Protein chains: 2
Amino acid sequence: MAQVTATARNGDTAQRILDIAERLMQVRGYNGFSYADIAETMRLTKASLHYHFPSKSELGRRLMERYTENFLAALGRIDATGADAHEKLQRYVSIYAEVLANKRMCLCGMLAAEYATLPKSVKAEVTRFFDANETWLVGLLQEGKRSKDVSFGGSAIEIARTITASLEGAMMLARAYDDAERFNRAAQRLLADIAGSPSARARQLTT
Amino acid sequence: MAQVTATARNGDTAQRILDIAERLMQVRGYNGFSYADIAETMRLTKASLHYHFPSKSELGRRLMERYTENFLAALGRIDATGADAHEKLQRYVSIYAEVLANKRMCLCGMLAAEYATLPKSVKAEVTRFFDANETWLVGLLQEGKRSKDVSFGGSAIEIARTITASLEGAMMLARAYDDAERFNRAAQRLLADIAGSPSARARQLTT
DNA sequence: GTCTATAGGTGGATAGAC
DNA sequence: GTCTATCCACCTATAGAC
């Protein structure tokens, strides 16, 4: 299954720091955690953390960089399955669902909310993430339309943006209610209505 | 037009504090602003702010309370128009669009992201807001279905939740890209696909 | 690479004069 | 109601020993 969260528990120190920081940032946000929080969980002093990541903005940037890398790798694994477009979209959704299952927000959804307060270098990484998402989804949608696995009207780019934004929003609300099923129901409805398989689309209309 | 943001510029001090704090919180989040920020904008000392709002959590709670009140009032004005369900949904979307036009996030979308770090009393107000949203939308959707102004399959409650979550997500992304049109395009697509008028739905399928 | 110690700043919050 | 003055906890970050 598509796995985004890194688990380099036996990796080097920098990677372990990123693991802890990533979780903290996904749960509490960029402005909601400190070097002290990481230090406490890791049994390492704040000063040592600064050796690996001189500033918080650098930590945030590196974190985003790794997150996007892992996310793109997960998308690559979806591509490698050779499944049809409809199935690939389901797997795309399952990436989000898995993050939520760990009681976390998508790192980029979190940072999009805090966007106004972020260091410039972190902001740039956040939009890079969403741009990469968009590119991947557009390719998938166009391919799916040709092969008639999915059906939609209008531009693929708008559909792609709507899907990502909606999933991020559904994730945010589901986490506030601590109810993963909220996310799953919203996600299935979105896929069926916005870019569903022709059969699913027909079911949705039948009422 | 539906107006949520309060503008009590000539109101009493407490209301003016809430106005400033509201804007700061919508732009920077609960963890991204301080009493000092309010004080600076208002030309009032931090100590004076504490006279009106003893603690930040109390300020946050009162802010959310007022925000929900204003939002529900806006929904009441939509009801009062007597428009059909499709038109009412458009006006619902326009509330969000207007907040975004002021370069702000929906206060509750912002707080949903920061949820894990919020004081309990503020958390409660956030879910109360979304619950009230859901109730209003469900009523509207059921009424619209009866009168055939909108068409959708499945439960109204799921549609309502999906609409709100998707709008919040679209708002978040649009603000990060400083591109209000991103929100508008996503919102129109969502309405058409998820709970559109039968004619709009037909247009969307025609491709 | 990790530590102790600390700098320099800001956070929310309070006491008490006016 | 608003002010000055202050507290103490916490923040990011650095210096320098080991």
Side-chain angles (χ1 to χ4, degrees), chain A residues 8-64 110-111 114 116-123 125, chain B residues 8-65 110-111 114-123 125:
Chain A
R9 294 190 202 287
N10 300 321
D12 60 23
T13 307
Q15 290 299 314
R16 284 174 48 234
I17 293 171
L18 288 178
D19 291 344
I20 307 290
E22 186 176 67
R23 184 178 51 76
L24 284 165
M25 223 158 130
Q26 288 182 275
V27 173
R28 305 178 54 88
Y30 186 84
N31 297 319
F33 84 101
S34 70
Y35 272 50
D37 296 325
I38 307 174
E40 195 179 10
T41 334
M42 278 195 73
R43 298 219 182 173
L44 202 65
T45 59
K46 289 187 289 172
S48 300
L49 298 177
H50 278 283
Y51 170 80
H52 295 280
F53 300 95
S55 67
K56 191 179 180 181
S57 62
E58 174 67 6
L59 172 63
R61 192 189 63 75
R62 293 269 300 278
L63 203 44
M64 270 303 312
M110 182 64 87
L111 295 186
E114 294 179 294
T117 68
L118 298 179
K120 274 189 185 170
S121 60
V122 179
K123 281 184 180 174
E125 286 295 323
Chain B
R9 294 188 202 288
N10 300 321
D12 60 22
T13 306
Q15 291 298 314
R16 283 174 48 232
I17 294 171
L18 288 179
D19 290 344
I20 308 290
E22 187 175 68
R23 183 177 52 75
L24 284 166
M25 222 158 132
Q26 287 182 275
V27 174
R28 306 178 53 89
Y30 185 85
N31 298 318
F33 85 100
S34 71
Y35 271 50
D37 295 324
I38 307 174
E40 195 178 8
T41 334
M42 277 195 72
R43 299 218 182 176
L44 204 64
T45 59
K46 287 191 292 171
S48 299
L49 297 177
H50 278 284
Y51 169 81
H52 295 281
F53 301 95
S55 68
K56 192 179 180 183
S57 61
E58 175 67 6
L59 172 63
R61 192 190 62 75
R62 293 268 300 278
L63 204 44
M64 270 303 312
E65 210 171 54
M110 182 64 88
L111 296 187
E114 295 180 295
Y115 200 78
T117 68
L118 299 179
K120 274 188 187 173
S121 60
V122 179
K123 282 185 181 174
E125 286 296 322

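Since we're looking at a predicted model, the values are computed, not measured. By convention in this document, chain letters (A, B, ...) are assigned in the order of the sequence lines, proteins followed by strands, and residues within each chain are numbered from 1.
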Query raised in the report: Taking only residues two or more places apart in sequence, or in another chain, which ones meet B:H52 in a ring pair (Phe, Tyr, Trp, His ring centres under 6.0 Å)?
Result: none
Report task. Applying ring pair (Phe, Tyr, Trp, His ring centres under 6.0 Å), name anything that partners B:Y35, two or more places apart in sequence or on another chain. Result -> B:H50
Requested in this report: Quick one: list whatever passes salt bridge (charged side-chain N to carboxylate O under 4.0 Å, His left out) with B:E125, sequence neighbours left out.
Outcome: B:R128
Query raised in the report: Is the side chain of A:E114 donor-acceptor paired with the backbone N or O of A:N31 at a distance under 3.5 Å, no angle test?
Result: yes
Query raised in the report: For B:E58, which residues count as a side-chain contact (heavy atoms from CB on, under 4.5 Å) partner, sequence neighbours excluded?
Result: B:P54, B:S55, B:R61, B:R62
Dump the pairs, protein N or O against N or O of nucleotides 9-13 of chain C, anything under 3.5 Å, distances to one decimal.
unit_1: C:dG11; atom_1: OP1; unit_2: B:S34; atom_2: OG; d: 3.1
unit_1: C:dG12; atom_1: OP1; unit_2: B:K56; atom_2: NZ; d: 3.2
unit_1: C:dG12; atom_1: OP2; unit_2: B:Y35; atom_2: N; d: 3.1
unit_1: C:dA13; atom_1: OP2; unit_2: B:K56; atom_2: N; d: 2.7
unit_1: C:dA13; atom_1: N7; unit_2: B:H50; atom_2: NE2; d: 3.2

Query raised in the report: Measuring from B:L118:CG to B:M64:CE, what's the distance to the nearest 0.5 Å?
Result: 9.5 Å
Query raised in the report: How would you give the extent of chain A contacts on DNA chain D, as first and last nucleotide 5' to 3' within a 4.0 Å heavy-atom cut-off?
Result: D:dC11 to D:dA15
Requested in this report: Sequence neighbours left out, what passes side-chain contact (heavy atoms from CB on, under 4.5 Å) with A:A47? Give chain and number order.
Outcome: A:T45
